[in-house]
Amino acid sequence: MAETIRVRFAPSPTGMFHVGGARSALHNWAVARQAGGTFVLRIEDTDEARNRPEWIEDIIDALAWIGISADDPHFEGPVMQSAAAAAHRTAADRLYQQGNAYYCDLTPDEVQARAEASGTAGYDGYSRDRGLGPGAERVLRFRVPDGMTVVEDLVRGRVEFDNSTLEDFVLVRSDGSPVFVLANAVDDIEMGITHVIRGEEHLPNTPKQQLIWSALGHQPPVWAHVPVLVNEQRKKLSKRRDKVSLDQYRQEGYLADAMVNYLMTLGWTPPGAEEAGTEIVSWPEIEASFRLEDVNRSPAFFDVKKLDAFNGEYIRAMSPDDFVERAAEEIPDEWDRDRFAQIAPVLQERTVRFDDEIPGKVDFLFLPEGTDVKIDDAAWVKATKAEWARPLFDDVIAAYEALPPARWHTDVLKAECERVMATYGIKLGKAQAPVRVATTGRSVGPPLFERSLPTSLISPNQTSATRFATGAV
RNA sequence: GGCCCGUUCGUCUAGUGGCCUAGGACACCACCCUCUCAAGGUGGCGGCACGGGUUCGAAUCCCGUACGGGCUGCCA
């Protein structure tokens, strides 16, 4: 059989898919696809407390969102770790028969008591030579041999562990269920996994797993331990204190491509990014050039600010139609879709996220008949503070009201505004301020007189301007 | 405490002994453009944790120190 790369992504179902998990999945995916290999999704459901069918669907959905599709020919699974219970049992028995493991009847409390009494940490090998057989309330422990265990890691190089620092760890619990290190190693062996790519937090138990691989008669896989993602306090991202849910970012309006691109730049730079002056690269380019050997060894801070910058770039790169389609998901049902599509272009380059702030930027264009825009009082006060402001504004309003509705076009309105401001000697940058606040309700927003738009932002049926002109405020 | 990993601008990184007067990106600041805000353009601020070695030469190699992190469970 030809050498093919088989990697696996092995999340445990927890009800929330972590951005760190997404990054790890992406690393595995890139390695598998670029080599024409296989990516196996294995659900680690050994701990029965965490096992809900819907959570597995969530994982598959999350992966699909970031481009790891279960329909892809390189994708295999999902397979349940629990389905391999017999294999775990068989492996455990074999280890016991071969003398690589032994039974121990000490309870966790007793183990701890002995450790405290002797002033050492962990299990002291109490049952190593007691010749205990299997039985109720007995755990199976691995007999760690003397010597050194050398882990060859693609990202960290050679890591040595003195076996004397590894206690005889538990393989099978007293209730007969396999523990993570055993189940994980056995599954990897059974699945023919060639590369184990996972987070750095697994590095400490790698020698244990490598010992299991060897005891079971197999060459260990290629290991790759990628540094963890950290928060501003430089602690590993945790769902308790940090915003780590991939789905939450998705709902907040981040684009999958932007998220994927950003995640991949954590600990790795696409070759050519420096010359190109940008880290924005497509997945095909990432897939073709990603190398585990090039991944940084130090933890990376998950910086939402930079994610925002990436997202904004991806949004600006969208086709106008795609932008309208996606942005339309955020606007109220009663808004006219065609009208929204017309003004969407001015929104696109001002959008960093598809969130609920989108409608607030253009809501004055969708007021129900006869209602006024809500004016930000502070903005109005500021815009009309200058001595010339009120008179100039009144003149502009008067000029606008003298216009027949048929002439309410961008160019005409702008020209009228400019004509009035010229008489005051005020530049448009300042002169437009009161007009803007009166018609849009705010001091910032899209250009008032934007020629590229088929419609003016100021329309005759907006009554606010009149209201101000008559001194109602 | 023990074992292991790590340390280049605020952040993510390029750098594998001379190309480094340490480069890029994000953020920040200034200016330009400009009807506000954005976008875009130009420029600026800012870093090799520290101390010893090795070498003609060290961000790059070695040792030590400091600091940070991960693991230390019959969780995964």
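Every chain is numbered from 1, with letters handed out A, B, ... down the list of sequences.
Remark: A:Arg156, A:Val159, A:Glu160, A:Phe161, A:Thr165 in residues 149-166 of chain A come within less than 4.0 Å of RNA chain B through at least one heavy atom. For residues 228-244 of chain A, proximity to RNA chain B is found at A:Arg234, A:Lys235, A:Lys236, defined as any non-hydrogen atom under 4.0 angstrom from a strand atom.
Between B:rU72 and A:Asn205, no contact under 4.0 Å exists linking OP1 or OP2 to a side-chain N or O. Put simply, A:Arg173 has a side-chain N or O that comes within less than 4.0 Å of OP1 or OP2 on B:rC75.
Rounded to whole Å, the separation between the C1' atoms of B:rA14 and B:rU8 comes to 10 Å. Straight-line distance between the P atoms of B:rC12 and B:rC19: roughly 26 Å, to the nearest whole Å.
Looking at A:Ser319 and A:Asp322, their side chains do bring a donor and an acceptor atom within 3.5 Å of each other.
A:Thr120 comes within 4.0 angstrom of no nucleic acid atom, judged by non-hydrogen atoms across all strands. Backbone-only contact: A:Ser298 has heavy atoms under 4.0 Å from sugar-phosphate atoms and none from a base. Residue contacts shown for A:Leu106 include a base, since a base heavy atom lies under 4.0 Å away. Within 4.0 Å of A:Glu279, counting heavy atoms only, lies at least one base atom of the nucleic acid. Among the heavy atoms of the strands, none lies under 4.0 Å from A:Arg442. Across all strands shown, A:Gly312 has no heavy atoms under 4.0 Å from either base or sugar-phosphate atoms. No engagement by A:Ala433 is indicated, since no non-hydrogen atom pair under 4.0 Å with the nucleic acid exists. At a threshold of 4.0 angstrom between heavy atoms, the contacts of A:Phe180 include nucleobase atoms, whether or not backbone atoms are also involved. Residue A:His225 is classed as having no contact, given no heavy-atom separation below 4.0 Å to the nucleic acid. Residue A:Val139 is classed as a base contact, given a heavy-atom separation below 4.0 Å to a base.
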Give me, pair by pair, the N or O atoms of the protein and of nucleotides 65-67 of chain B that are less than 3.5 Å apart, along with how far apart they are.
none

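Looking at residues two or more places apart in sequence or on another chain, you find no ring pair (Phe, Tyr, Trp, His ring centres under 6.0 Å) involving A:Phe161. Not a single ring pair (Phe, Tyr, Trp, His ring centres under 6.0 Å) links A:His88 to another residue, sequence neighbours left out.
Within the structure, salt bridge (Lys or Arg N to Asp or Glu O under 4.0 Å) pairs that include any residue of residues 103-119 of chain A comprise A:Asp105-A:Arg130, A:Arg114-A:Asp124 (at least two apart or interchain).
In A:Glu293, the CD atom is crowded: over 12 heavy atoms of neighbouring residues, nucleotides or ligands sit closer than 6.0 Å.
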